[in-house]
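Every heavy atom of this structure was used, including side-chain atoms; hydrogens, water molecules and symmetry mates were not. Every chain is numbered from 1, with letters handed out A, B, ... down the list of sequences.
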Amino acid sequence: MTLLTVVFAAVIATVIWYKNAPNDNMMVGTLCLIYWGASLMWLVDAVFEFIELKEKFFTPAPAEMLNDLYLGLSAAALGLVIWLVMLLIKDPKNVVRQTILKKLK
Amino acid sequence: MACFLVPAAEAVVTTIAQKRLAAKEDRAALESGAEKSGISFSSKLKWLNDLLWGGSALLAFEHLWHGEITLAFPFLTNASNPADLSMMLHEMATVGTSMAAAVTAVWAVFAAAVTAIEKKARELPEEGAAEA
């Protein structure tokens, strides 16, 4: 469920990046890479889990699924926070710098 | 357990390599006076950095969620006793290495495809000029 949630986040971010490409002022490309990196890593984790659990892998307990969904959503939110912090620090549109300079004047 | 440490370690190495390579490319461009054309290798390496750092950060969060990371030394709950430590090292060697390899392999295919597209785009105007 965690893998599925992050894959959906990666797909949505990639669609948004594609819609605005080649313009990437909002650094959506970085957000895509964050989500795809996590998706690939969780996919490998899922493969190892499948090898260990076999068919039980596809029938998780409802409480376990809910916890994994909650974790996936929290991970997606953390990805957004990381991206937002990077965006504000790199400030590709110079918005933060201009706002600070305006206040100083 | 601590599988995310392997891609995180790779991310440290690739980040240092990328920074050095970018500085070298900038110096070379400045010395030759030629403008940079296409996507440099350091830019492609930055994609790998983002994949590795992003993935490691979200996986570290998952480990924190499951109580496998603590704020006190040795920071990993499985590192506190020898039996769990050997299990953790085994997981790092299998799952962690596979994660790092999978991400690197996907990046390598993607970077190679981009390079091939760039090469084809550079050849096209030359072909057109030759035909004319």
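- Both B/Leu52 and B/Phe41 belong to a common hydrophobic cluster when Ile, Leu, Val, Met, Phe, Trp and Tyr are linked at side-chain heavy-atom distances under 4.5 angstrom.
- Across all non-hydrogen atoms, the minimal contact from A/Met41 to B/Pro7 is CE-CB, 3.5 Å.
- By a heavy-atom distance cut of under 4.5 Å, B/Ala102, B/Val103, B/Val106 are the residues of residues 102-111 of chain B near chain A, going up by number.
- Taking all atoms of both residues into account, the shortest heavy-atom contact from B/Leu59 to A/Ala38 is CD1-O, 4.2 Å.
- Taking non-hydrogen atoms and a 4.5 Å limit, the residue list of residues 58-77 of chain A in contact with chain B, ordered by number, reads A/Asn67, A/Tyr70, A/Leu71, A/Ser74, A/Ala75.
- The hydrophobic clustering, which links ILVMFWY residues whose side-chain heavy atoms are closer than 4.5 Å, places B/Phe4 and A/Val47 apart.
- Within 6.0 Å of CG on A/Leu104 lie more than 12 heavy atoms contributed by other residues, nucleotides or ligands.
- The side chain to side chain contact (heavy atoms under 4.5 Å, CB included) search around B/Ser43 returns B/Ile39, B/Ser40, not counting sequence neighbours.
- Residues of residues 1-22 of chain A never come within less than 4.5 angstrom of chain B, heavy atom to heavy atom.
- Closest non-hydrogen pair, A/Trp42 versus B/Leu58, comes out as CH2-O, 3.7 Å.
- Proximity to chain A involves both the backbone and the side chain of B/Trp47, based on heavy atoms less than 4.5 angstrom apart.
- Separating the CG atom in B/Asp50 from the CH2 atom in A/Trp36 is a distance of 15.5 Å, to the nearest 0.5 Å.
- No more than 12 heavy-atom neighbours from other residues, nucleotides or ligands sit within 6.0 angstrom of NE2 on B/His90.
- Note that CG of B/Leu51 and OG1 of A/Thr30 are 10.5 Å apart. Values are rounded to the nearest 0.5 Å.
- B/Ser98 and A/Val44 get closest at one heavy-atom pair: CB-CG1, 3.6 Å.
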